[in-house]
**Q** 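This is the structure, below, for whatever I ask next.
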Amino acid sequence: MNIFEKDKNYIANTYGRFPVEIVSGKGEIVKDQNGKEYIDLGSGIAVNTFGMADDEWVEAVTNQLKAFQHTSNLYYTNPCVSLAELICQKTGFKKVFFGNSGAEANECAIKVARKYGAEKKGSEYFNIITLKNSFHGRTITTLAATGQDVFHKDFLPLTDGFLYAEANNLESIEKLVSENKVCAIMMETIQGEGGVNVLTKEFVEGAYKLCQKEDILLIIDEVQTGNGRTGKLYSYMHYDIVPDIFTTAKGLGAGLPIGAAVLNEKVENTLKASDHGSTFGGNPVCCAGAVNVLSRIDEKLLKEVEEKSNYIISELEKCEGVISVSGRGLMLGIETKKDAGEVIAKAMELGVLPLKAKNKVRLLPPLNISTENLQKAVEILKKAMI
Ligand SMILES: *Cc1c(COP(=O)(O)O)cnc(C)c1O
């Protein structure tokens, strides 16, 4: 059997894959089984912040791997504490809980919110408002948080206590808050899986003010938008807000599994010993890699993200196959006249790997993609779009 047949035989059918086997890569270039090279505009879905097999990151990871790979959370490790310190220093937040994925980071945020609501107002204050068309993960609880019926339908009943407001409609949130006992509002500032929809300033800042007024926690899901992706270290920094909790995962590990719920002063001590845990959470190899990644996301890199973003937007807005471009930084969605699937197939044939989100072509290139390869990739995309 070849690899495609073996995969069909042995792997659960949860993924529709392209007939491409990735065998190696460096930076934004990936190579398939036939030696064909592609410019990667997906980064493993916003994960490979510095592309494939980045030298500095590989060194940080392998140095830790040679020292030791794992211990339990019964003992201290330097990479885990150093990463938490770095996140807090860069954001002003107070404490970090480490898990292994975006879903796990959100689960932690949800547990913190439930406990905070119960302690501050009473156990009936368990409801959490999320947004229609959001995406927060695949566990039963983070699916419940995800405001999209398509993900729910075969898995009912889901965890109770999630209410869905309309994105960019503050009245819809105000109504839910006034009619229900609510402990938190959770949102992505750019709905990634939902189609790269940017939330407006009025809406996010209005929700923040409402949270402050009603003593409701604001949770920002930065799993896709975080770690420099949108041109700021975390995307909430585009708004005049400071959330009580933000969650991060994908780009933090730059290719190794890690997730974190980052807690501000209102909730820094809500969880007590034994309230929550994770066997692999805070793994020293993942954390050593993440320390390297996070310490390299500086003003210079963020400025480059902005410049590359402006370049992509201005080039694609000129392209006659493009209807509109949404998003921020290097998280962009392109509505095309042609079907997005067709555009992607053509781009792949021509040597570029874009992603899809709903009916849009989605771009999440490595943040350090070279100008030369970015220009090449944009020219190929334009060809694929007309
Ligand atoms: C990907 C994603 C998640 C889920 O992350 P996993 O690591 O797959 O569990 C949650 N929220 C957002 C916004 C995401 O993009």
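All ligand and atom numbering here is 1-based and tracks the order in the structure.
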**Q** Below 4.0 angstrom, counting only protein heavy atoms, does anything approach atom 8 (O) of ligand 1?
**A** no
**Q** Hey, would you say the Tyr125 and Tyr116 ring centroids sit under 6.0 Å apart?
**A** no
**Q** Once you restrict to heavy atoms under 4.0 Å, what part of Ala249 touches ligand 1? Side chain, backbone, both or neither.
**A** neither
**Q** Please classify the Asn106 to ligand 1 contact at 4.0 Å (heavy-atom distances, strictly less than): side chain, backbone, both or neither.
**A** side chain
**Q** Just by distance, no angles: are the side chains of Asn269 and Lys95 close enough, under 3.5 Å, to form a donor-acceptor pair?
**A** yes
**Q** Please could you name the atoms of ligand 1 that Gln224 approaches to less than 4.0 Å, counting only its heavy atoms?
**A** 15 (O)
**Q** State the atoms of ligand 1, each with its element, that fall below the 4.0 Å cut-off from a heavy-atom position in Ala103.
**A** 4 (C), 5 (O), 6 (P), 9 (O)
**Q** Are any of the N or O atoms of Glu104 closer than 3.5 Å to those of ligand 1?
**A** no
**Q** Is the positively charged end of Arg296 above the ring of Phe50, judged by distance under 6.0 angstrom from the centroid and angle within 45° of the axis?
**A** yes
**Q** Given side chains that start at C-beta, do those of Ile220 and Glu188 come closer than 4.5 Å, heavy atoms only?
**A** no
**Q** Just which atoms of ligand 1 are under 4.0 Å from any heavy atom in Ser101?
**A** 7 (O), 9 (O)
**Q** Below 3.5 Å, N or O to N or O, backbone or side chain included: is there any such pair between Lys250 and ligand 1?
**A** yes
**Q** What's the shortest heavy-atom distance between Ile216 and Ile185, and which atoms?
**A** CG2-N, 3.9 Å
**Q** If the plane angle is over 60° it's perpendicular, under 30° parallel, otherwise tilted; pick one for Phe246 and Phe93.
**A** perpendicular
**Q** Would a single hydrophobic cluster contain both Phe135 and Phe162, if residues Ile, Leu, Val, Met, Phe, Trp and Tyr are joined by side-chain heavy-atom contacts under 4.5 Å?
**A** no
**Q** Purely on distance, is any nitrogen or oxygen of Gly102 under 3.5 Å from one on ligand 1?
**A** yes
**Q** Check for me, please, whether Ile334 and Val343 land in the same ILVMFWY cluster - side-chain distances under 4.5 Å, paths through other members count.
**A** yes
**Q** Looking only at protein heavy atoms, which one is nearest to atom 11 (N) of ligand 1, and what is the separation?
**A** Asp221 OD2, 2.8 Å
**Q** Before signing off on this row, confirm whether Glu193 and ligand 1 have an N or O atom pair separated by under 3.5 Å.
**A** no
**Q** Would you say ligand 1 has an N or O under 3.5 Å from any N or O of Phe135?
**A** yes
**Q** Have a look at Glu107 and tell me which of Thr159, Thr142, Thr139 forms a side chain to side chain donor-acceptor pair (under 3.5 Å) with it.
**A** Thr139
**Q** Counting only heavy atoms, which portion of Glu188 has something under 4.0 Å from ligand 1: side chain, backbone, both, or neither?
**A** side chain
